[in-house]
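Per chain, numbering begins at 1; letters A, B, ... match sequence-line order. For the numbers below, each heavy atom of this structure counts, side chains included, while hydrogens, waters and symmetry mates do not.
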There are 2 protein chains.
Amino acid sequence: MSELDRVKERFILHWGEMGSLWGINRTMAQIHALLYISPRPLSANDLMEELQISRGNVSMALRELIAWGIVSRVHIKGERKEFYTTEKDVWKMFRIIARERKRREVDPTIEILRQSMVDLNNLPDNEGQYERERIEQLLNFFETGIKIYESLDEKTPDSVLKLLGKLLQVKGLGG
Amino acid sequence: MSELDRVKERFILHWGEMGSLWGINRTMAQIHALLYISPRPLSANDLMEELQISRGNVSMALRELIAWGIVSRVHIKGERKEFYTTEKDVWKMFRIIARERKRREVDPTIEILRQSMVDLNNLPDNEGQYERERIEQLLNFFETGIKIYESLDEKTPDSVLKLLGKLLQVKGLGG
DNA sequence: TCAAAGATTCAGAAATTACTGAAATAATTG
DNA sequence: CAATTATTTCAGTAATTTCTGAATCTTTGA
């Protein structure tokens, strides 16, 4: 095993551990790391061998990654099997993950908070005053977050960086 | 059980499920939710009863939440037992969580990426060109993220909102 | 200084999540 | 259209995470 392989392996293992940061499991994160660091698409067999995991596991993890939208199938002409590759632009990758996590986690939370507000407002007398205040604050926070997310999502990473750079007086952020 | 209690319960259960969003487990998230929605501090016994969980579980979850910095012990005079409460300011809460996750997840990742760059640069000849590019992009992304985080962290939530509101032309963001 | 109340710890149990591998299914080709 | 190769599925198992509850430790106040 070459030194280069060792560096790659270290990266892949660590990325796997940090999968929780992205809300995905270890295998998914490792596959993602391996595809990300590979100059060309890899087959399911390649992934099995490199990561020492079962065929089934590879198949399931790929399905999930494709559902997230950060891995895609590639047909290579002359080849019978499928190959897989991943988004190499980190900003695009980040945007995809942000969008998915919003959809899966933030949106349902906001839904519950809104419903709670409705329910609290239907209580008789002045019941639930304190609770209403608390939920409202949370809801406000999340809704503001979504507004910021949506505005940022319309812009290109470059323009966002430029603006932030000026705004925060941080050198090297762009602009 | 009153309607108010039902609303509270729904909120607590959902918050528990979404714990992953914050990187904490279900019990921790439920305890946090219960303390957040309670007008006054609660004892370990209160938590056990309300959430139907064991004494040990409460104790461990509280220890973690206190380590995170989002729950604190409260001494109530005349009372022998300890009471617990949580930060009620959502923005402060969010900042605490962001700081902790950065420390636990982002910082170690950056460390690995930096080390990988060093290792790659020590390779003989032109080995690892492609890998270097990939790792560099990731590192860049994370370092930019940290810069943004640090600049935002110096400011008050209000001023951040004001500035973002102007920049993004979003109404109702502040300013 | 000791009994009572409260809090913590942690070994084992329960619950959840992830993984394997073989069988089923699908796709490709001569 | 069979034979071959590739992929998916999923029941069973393994690994990991979370939780319980009894034992232990700590604090209080009489």
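Projected onto DNA chain C by closest heavy-atom contact, A:G78 and B:F83 fall at different nucleotides, the more 5' of which corresponds to B:F83.
Rounded to whole Å, atom P of C:dG6 lies 11 Å from atom CG of B:D46. In this structure, B:M48 atom CE and C:dG6 atom C1' are separated by 12 Å, rounded to whole Å. Following rounding to the nearest Å, B:E82 (CD) and D:dT26 (P) show an atom-to-atom distance of 15 Å. Atoms CD1 (B:I76) and P (C:dG6) sit 13 Å apart, rounded to a whole Å. Following rounding to the nearest Å, B:N45 (CG) and C:dA5 (P) show an atom-to-atom distance of 12 Å. The interatomic distance linking B:H75 (NE2) with C:dA5 (P) rounds to 20 Å, in whole Å. Atom CG in B:L62 sits roughly 16 Å away from atom P in C:dG6 (whole-Å rounding). Here the C1' atom of nucleotide C:dA7 and the CG atom of B:L47 are 13 Å apart, to the nearest Å.
Rounding to the nearest 0.5 angstrom, the gap separating the CG atom in B:L65 from the OG atom in B:S72 is 10.5 Å.
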The contact string for nucleotides 19-27 of chain C, one letter per nucleotide 5' to 3', using protein heavy atoms under 4.0 Å with B, S and - for base, sugar-phosphate only and none, comes out as SBB-----B
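For the pair B:R10 and B:W15, the NZ or CZ position fails the cation-pi test of under 6.0 Å to the six-membered ring centre and within 45 degrees of the ring normal.
The backbone N or O of A:G23 lies less than 3.5 Å from no partner atom in the side chain of A:S20, so there is not a single donor-acceptor pair.
In A:N126, the CG atom is not crowded: 12 or fewer heavy atoms of neighbouring residues, nucleotides or ligands sit closer than 6.0 Å.
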Step by step, work out the salt bridge (charged side-chain N to carboxylate O under 4.0 Å, His left out) result for A:E9 and A:R6.
CA-CA 5 Å; A:E9 188 177 47; A:R6 258 189 294 279; over 6 Å; no
Would you check, one step at a time, whether the test side-chain hydrogen bond (donor to acceptor under 3.5 Å, both in side chains) holds for A:N140 with A:E136?
CA-CA 6 Å; A:N140 245 313; A:E136 186 150 43; 5.3 Å; no
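A salt bridge does not link A:E143 to A:K147: none of the charged side-chain nitrogens sits closer than 4.0 Å to a carboxylate oxygen.
Applying the 4.0 Å criterion to OP1 and OP2 of C:dT9, one finds that B:R63 has a side-chain N or O inside that range.
Listed nucleotides: D:dA6, C:dT9, D:dT8. Nearest to the side chain of B:S59: C:dT9.
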